[in-house]
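These notes are about the structure you will find just below.
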Amino acid sequence: MSESISSIQTFDHDVVVIGAGGAGLRAAIECSSHGLDTAVVCKSLLGKAHTVMAEGGAAAALGHTDPRDNWKVHFRDTMRGGKFLNHWRMAELHARCSSECIRELEEWGAVFDRNPDGYINQRSFGGHRYSRLAHTGDRTGLEILRTLQDHGVHQGIHVHQECTALRLLKESDRISGVFGYWRDSGRFVVFRAKAVVMATGGAGKCWRITSNSWEYTGDGMEMAYTAGAELIDMEFTQFHPTGMVWPLSVRGILVTEGVRGEGGILLNSDGERFMFRYTPDRFRDETAASPEEAHRWLEGDKSARRPPELLTRDVVAKAILEEVDVGHGTPHGGAFLDIAGQRDAELIKRKLPSMYHQFRELAEVDITKERMEVGPTLHYMMGGIAVDGETQMTAVPGLFACGECTGGMHGANRLGGNSLSDLLVFGWLAGKGVGVYVGGLADSPQVLSDQVEKARRDAVAPLNRDDGANPYLVHEELQDIMNKDCNIVRSGDGLERAIAELNKLKEKASRIQVSGASQYNPAWHEALSLRSMIVVAEAVVRAALVRQESRGAHTRLDFEGECDEWGKLNVVVRKKSDGSMSVNKVERGTPPDHLAVIAYSSLDSLEGGVHV
Ligand code: FAD
């Protein structure tokens, strides 16, 4: 391919948002409402992002289903779920603002399920004290994305679809644009911009068993890291307890927590409801102690405590793993999830239509009559790009980030439903941050041709080699390394081994060869996304090796339990000037008194309605 810089297609916008999921669209709407010429660039088609796949709901303390709920209880639950490692201010903003963001969506046309009084209905999810998830059956993400898309397009945002961003461009320290390519033609494109918002979602494709789809290769994290931003909390990778385990072709596909929220229970191969044996001390006062009490909760008895199936995801995932390890797993190495014995068929089909069809079509299982087989699947990255909690700006002037590609908000473990509300709150704040930043610029940054030329040369390198490694095989090797040595449980030896293997893999990846031209060439797409995956995988493994304790989603066999000292530290990853990765322990700020009181207080002092 010989495309000269001057012939590269170029667009001018005030702001470019990379990613058209909930975070990107919400940020774009806000940027546009500040009068900025705003474009969204997305790897896939508009409307196809993880946000659309979200089933269970968006957490917000609306207090409709239980009037005892309010933002303080939501904040407390989020901090406890995140094992107190969450960025205090982000967790506060999230809990305070998510209800308003849900109401705003409703004003823009989103239709949520209703309770008999006509208010937005809310369902139960793990780690949330009260039923808190606003939902639309089990297709909540679809409703949210549809609404944001309609609103954004009518507001005049530009959309560049099937376009992969590869590199951020800078003039001295500040952002000046984005370099990318059209996936169909393989032609390169430059977007000149005063600010960029990264909203590229997660990186699940680094692991073999994952609920994530093909787009989730950590591109945004890698681009931001390469441009000089920091990554934070990368060791915390969430394994959702209930992915499909059978048939093999669909292994890892998500079974929403909504199934347990609607009453589904977990059983081992002996038919035992084993979760009662796994309640951690921290959650004992909030968790039912017997099937009878759990049943009363299901029947709506407000004095009963939540069933143990609704403990946080890290706890449930590890419990299933342990049952399998001691020989009590299902035929395909998971646990049984049973809703048929708890709810009637009509309710299951009405509340969980996607799950009903998913199991019928993919596994030939009728969940209104039969049990599902489920097991842990890599689902979500708690870690990601470090941002300022108020403005969402990174360490690179003009580079903002929001949504799953950022770190900090969820600490060591995210509560289900807190991602959809995170996207809305921090997408909105990122847009506001961009408005202030761009408004304060004295001049427009320039795109430098040598950066564009380097990005172009790097991108075509795999096409210009006669011989080298196959990108698909390198990807499989990467997934094997992560699945073997950086999975739900980790050890120092395993992580050291993973680093050694990743070093070898990096060398191999630098020699990847792809046949053919750049048009319609999926092997070339794979080669380009591998660069991001390898950087993200290395950041996760190195951060996991540094954190010598077990907390939330990070479990070290050689360092059992939480350690107080580590509760005061984040692990931060940066790119050094020689290109290598630095991994440092950084002191966390102490919480302001008013938040510390809420996080560590007893529930009784917080309950009392949404106006508290
Ligand atoms: P996404 O929605 O993931 O969007 C990322 C965007 O970035 C996409 O448009 C993608 O094409 C684009 N992109 C990526 N790389 C590039 C690149 N290099 N160039 C250009 N574009 C790029 N959370 C909840 O709170 N509640 C739930 O019920 C829930 N259910 C879920 C169910 C499933 C099956 C999955 C997978 C996740 C679920 N989650 C849920 C998590 C939640 O959906 C995601 O964390 C969230 O949607 C991420 O949103 P986002 O806007 O950050 O990114």
Side-chain angles (χ1 to χ4, degrees), residues 48-59 111-113 121-126 128 131-146 204 209-213 238-267 273 275 298 306-307 309-311 313 316-317 320 330 332 334-380 415-417 419-420:
K48 160 76 186 68
H50 262 174
T51 303
V52 92
M53 292 159 72
E55 295 151 352
V111 179
F112 293 105
D113 286 3
N121 197 359
Q122 297 181 272
R123 76 161 39 117
S124 300
F125 245 49
H128 291 282
S131 298
R132 189 176 279 148
L133 269 69
H135 59 276
T136 308
D138 58 2
R139 293 174 185 147
T140 315
L142 175 65
E143 186 61 13
I144 290 181
L145 208 71
R146 182 194 64 75
I209 300 173
T210 176
S211 64
N212 287 197
S213 73
Q238 181 166 78
F239 291 85
H240 193 293
T242 61
M244 292 178 80
V245 294
W246 185 256
L248 280 182
S249 58
V250 294
R251 196 173 181 130
I253 288 188
L254 195 75
V255 180
T256 175
E257 195 167 321
V259 176
R260 284 170 286 140
E262 297 297 344
I265 61 171
L266 288 165
L267 303 167
R273 195 171 169 183
M275 280 309 302
L298 194 60
R306 279 172 302 168
E309 281 84 3
L310 291 179
L311 283 161
R313 289 176 176 177
V316 183
I320 294 176
T330 59
H332 301 104
F336 290 115
L337 174 60
D338 178 43
I339 184 141
Q342 313 301 311
R343 295 290 201 181
D344 65 54
E346 188 277 322
L347 182 137
I348 296 171
K349 285 188 200 165
R350 182 163 48 84
K351 288 288 208 174
L352 302 163
S354 301
M355 286 302 106
Y356 175 71
H357 290 293
Q358 180 172 313
F359 273 89
R360 272 219 94 121
E361 281 158 29
L362 301 178
E364 295 178 17
V365 166
D366 179 350
I367 67 169
T368 66
K369 299 193 179 98
E370 299 162 87
R371 301 181 296 189
M372 296 160 252
E373 261 188 88
V374 293
T377 180
L378 189 286
H379 183 57
Y380 184 88
L415 296 186
S419 175
L420 290 185

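The chain is numbered in sequence order, starting from 1.
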Shortest non-hydrogen contact from [X] to [Y]?
X	Y	result
Leu310	Gly261	CD2-N, 3.9 Å
His50	Ser213	NE2-N, 3.1 Å
Glu370	Ala340	N-CB, 4.0 Å
Thr330	Ala335	CG2-C, 3.3 Å
Leu133	Gly417	CD2-CA, 3.7 Å

So how far is it from [X] [atom1] to [Y] [atom2], rounded to the nearest 0.5 Å?
X	Y	atom1	atom2	answer
Phe239	Leu378	CZ	CG	4.5 Å
Arg360	Thr368	CZ	OG1	7.5 Å
Met53	Leu142	CE	CG	12.0 Å
Leu311	Arg306	CG	CZ	7.0 Å
Arg132	Ser124	CZ	OG	10.0 Å
Lys369	Ile348	NZ	CD1	10.5 Å

Contact check, side chains of [X] and [Y], non-hydrogen atoms, under 4.5 Å:
X	Y	answer
Val374	Leu266	yes
Val259	Thr242	no
Glu309	Leu337	no
Arg260	Pro241	yes
Leu415	Phe125	no
Leu248	His332	no
Phe336	Glu373	yes
Gln122	His128	no

Can you tell me which residue among [options] is in a side chain to side chain contact (heavy atoms under 4.5 Å, CB included) with [X]?
X	options	value
Glu361	His357, Gln358, Glu364	His357
Glu55	Leu352, Thr140, Leu254	Leu254
Pro376	Val245, Ile209, Ile320	Ile320

Practice task
Test Arg139 against Glu143 for salt bridge (charged side-chain N to carboxylate O under 4.0 Å, His left out), laying out the working first.
Solution key: CA-CA 7 Å; Arg139 293 174 185 147; Glu143 186 61 13; over 6 Å; no
Exercise for the section: List the steps and the verdict of side-chain contact (heavy atoms from CB on, under 4.5 Å) for Val255 and Thr377. Expected result: CA-CA 10 Å; Val255 180; Thr377 180; over 6 Å; no
Practice task
Decide yes or no on side-chain contact (heavy atoms from CB on, under 4.5 Å) for Leu362 and Met244, but give the supporting numbers first.
Solution key: CA-CA 10 Å; Leu362 301 178; Met244 292 178 80; 4.1 Å; yes
Exercise for the section: Decide yes or no on side-chain hydrogen bond (donor to acceptor under 3.5 Å, both in side chains) for Ser211 and His379, but give the supporting numbers first. Expected result: CA-CA 5 Å; Ser211 64; His379 183 57; 2.7 Å; yes
Problem - Heavy-atom donor-acceptor pair, Asp138 side chain to Thr256 backbone, under 3.5 Å - result: no
Exercise for the section: Keeping the roles fixed (side chain from Asp113, backbone from Asn121), state whether a donor-acceptor pair exists under 3.5 Å. Expected result: no
Problem - Full working for side-chain contact (heavy atoms from CB on, under 4.5 Å) between Arg313 and Val316 - result: CA-CA 5 Å; Arg313 289 176 176 177; Val316 183; 5.9 Å; no
Practice task
Evaluate the side-chain contact (heavy atoms from CB on, under 4.5 Å) criterion for residues Arg343 and Lys351: first the C-alpha distance (whole Å), next the side-chain angles of each, then the deciding distance (0.1 Å), finally the verdict.
Solution key: CA-CA 11 Å; Arg343 295 290 201 181; Lys351 288 288 208 174; over 6 Å; no
